[in-house]
*Asks:* 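What follows is a structure written as structure tokens; I'll ask about it next.
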2 protein chains.
Amino acid sequence: MSAKNTRDRIVETADRLFYEKGFEYISVGDIADAVEITRGNLTFHFKTRDDVLEAVIERRMGRTRDMLAQWEKEGCTAAERIGSFINILIMNRTKILLHGCPVGTLCTELAKLEHAALTNANRIFSLFRDWLKSQFEQLGCGGESKAHAMHLLAWSQGTATLAQAFRDETFIRAEVSRVQAWLAGLGKQGTRRRKR
Amino acid sequence: MSAKNTRDRIVETADRLFYEKGFEYISVGDIADAVEITRGNLTFHFKTRDDVLEAVIERRMGRTRDMLAQWEKEGCTAAERIGSFINILIMNRTKILLHGCPVGTLCTELAKLEHAALTNANRIFSLFRDWLKSQFEQLGCGGESKAHAMHLLAWSQGTATLAQAFRDETFIRAEVSRVQAWLAGLGKQGTRRRKR
DNA sequence: GTCTATAGTATGATAGAC
DNA sequence: GTCTATCATACTATAGAC
């Protein structure tokens, strides 16, 4: 941490704070305090709070790309790779119970504020959507691939929202099982169709 | 509007503003301005901003109870009544595209802020969940009724979140069709089971 | 690259006149 | 029940010393 330069530490810390408490709740002073620098120093790196937000979104875009590339490398089949997406709900369950989905909660907040950065934040959703669409195509879902991708993305959002509201980890596990069964059904269907 | 007393006008206006812009973004001054009263007058009715929030949640609880009672009166079968729930996504689509789900977005925000009112806000979710559970039981879903209720609630949240982020009305309609097909399948299953 | 000092504004909340 | 006046605090953002 101390080896990194101040700019990176600001973005990293702001990313965490925006996620945990929401963009509107976190002031420039909160970020500076957490990084243990002064507000003046923070302003040297980012002129406004919105500039920090842009950098945070950029960071999240990059990390999402890395994660998708990793799944691409690890999963042998499309079903396995989609399974990696489903499993982030389990992997990140502790944080989701407390703060929800980082992408979903940010987009919701920015949409309410009619904030210009919503367009950029949405690109993270689009990254997932396009990647999932490609996986469903490989699974043999054809023209339904985009709808399936959106459906799965929506599923992850709804599950995160209710899990956070009710602070219920059991619910996450139940929903993951349910959607994995749905995916298994789709896989068979896809296989059947290709054999015809 | 002008016939109503000031207190009611404050709660009604705050309800709308909190929904449209988020609780954290709306100040006491914003509410007073919108109601066209002074801050001092607002403070006479509600000592703190949190007190306004409590009243808003209470109002939403009441309106939700009324809506569920209405659906209970209108729908002849359990499937029809569950259909009424699904249809709110269509009914409220314009507002959902702009501001998301009023219950979901409030609970998400309060959870992030670790706000004491989260418990009360969650009760609105619980109203829906318990009502849906009862409907699924009447549909013959037995022990799966609660899981189905939570699944449907999560579906509504995920659909609202993505529809808001992408400002995509077509997506809402596609998801409504999809979940209605799921519901129709469940209804048949339930009927079969009862006939055994 | 980091700091202090400060301007200007908005906030939540209170006291007291009418 | 409604208003004005006011306090103490917190905010974003800027200017300029080191």
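Atoms considered below: every heavy atom in the structure, side chains included; atoms not considered: hydrogens, waters and symmetry mates. Note on naming: letters A, B, ... go to the chains in the order of the sequence lines (proteins, then strands), and numbering restarts at 1 for each one.
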*Asks:* Using distance only, find each side-chain donor-acceptor pair of residues 93-103 of chain B under 3.5 Å and give its atom names and separation, not counting sequence neighbours.
*Replies:*
unit_1, atom_1, unit_2, atom_2, d
B/Arg93, NE, B/Glu169, OE2, 2.8
B/Arg93, NH1, B/Ile90, O, 2.9
B/His99, ND1, B/Glu20, O, 3.4

*Asks:* Indicate whether any N or O donor in one side chain lies under 3.5 Å from an N or O acceptor in the other, for A/Asp30 and A/Ser27.
*Replies:*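 The criterion, which ignores hydrogens and geometry beyond distance, is satisfied for A/Ser27 and A/Asp30.
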
*Asks:* Can you tell me if NZ on B/Lys21 sees more than 12 non-hydrogen neighbours from other groups inside 6.0 Å?
*Replies:*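 Yes, NZ of B/Lys21 has more than 12 neighbouring heavy atoms, counting only those of other groups under 6.0 Å.
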
*Asks:* Kindly list each side-chain donor-acceptor pair under 3.5 angstrom involving residues 37-46 of chain A, sequence neighbours excluded, with atom names and distances?
*Replies:*
unit_1, atom_1, unit_2, atom_2, d
A/Thr38, OG1, A/Asn41, N, 3.3
A/Thr43, OG1, A/Arg39, O, 2.9

*Asks:* Taking only residues two or more places apart in sequence, or in another chain, which ones meet A/Phe85 in a ring pair (Phe, Tyr, Trp, His ring centres under 6.0 Å)?
*Replies:*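 Once residues adjacent in sequence are excluded, the partners of A/Phe85 under the ring pair (Phe, Tyr, Trp, His ring centres under 6.0 Å) criterion are A/Phe128.
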
*Asks:* Does anything in residues 38-57 of chain A reach DNA chain D, meaning a heavy atom under 4.0 Å, and if so which residues?
*Replies:*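 Within this stretch, A/Arg39, A/Thr43, A/Lys47, A/Thr48, A/Arg49 sit under 4.0 Å of the strand.
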
*Asks:* Which nucleotide of DNA chain C is the first, and which the last, in the 5' to 3' direction, to come under 4.0 Å of a heavy atom belonging to chain A?
*Replies:*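 Counting from the 5' end, contacts occupy C/dG1 to C/dT4.
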
*Asks:* Under the ring pair (Phe, Tyr, Trp, His ring centres under 6.0 Å) rule, collect the residues that match up with A/Phe18, sequence neighbours excluded.
*Replies:*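 Only A/Phe23 meet the ring pair (Phe, Tyr, Trp, His ring centres under 6.0 Å) criterion with A/Phe18.
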
*Asks:* Would you say the side chains of B/Glu80 and B/Trp71 form a donor-acceptor pair under 3.5 Å?
*Replies:*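 There is no such pair (donor and acceptor under 3.5 Å, judged by atom type) between the side chains of B/Glu80 and B/Trp71.
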
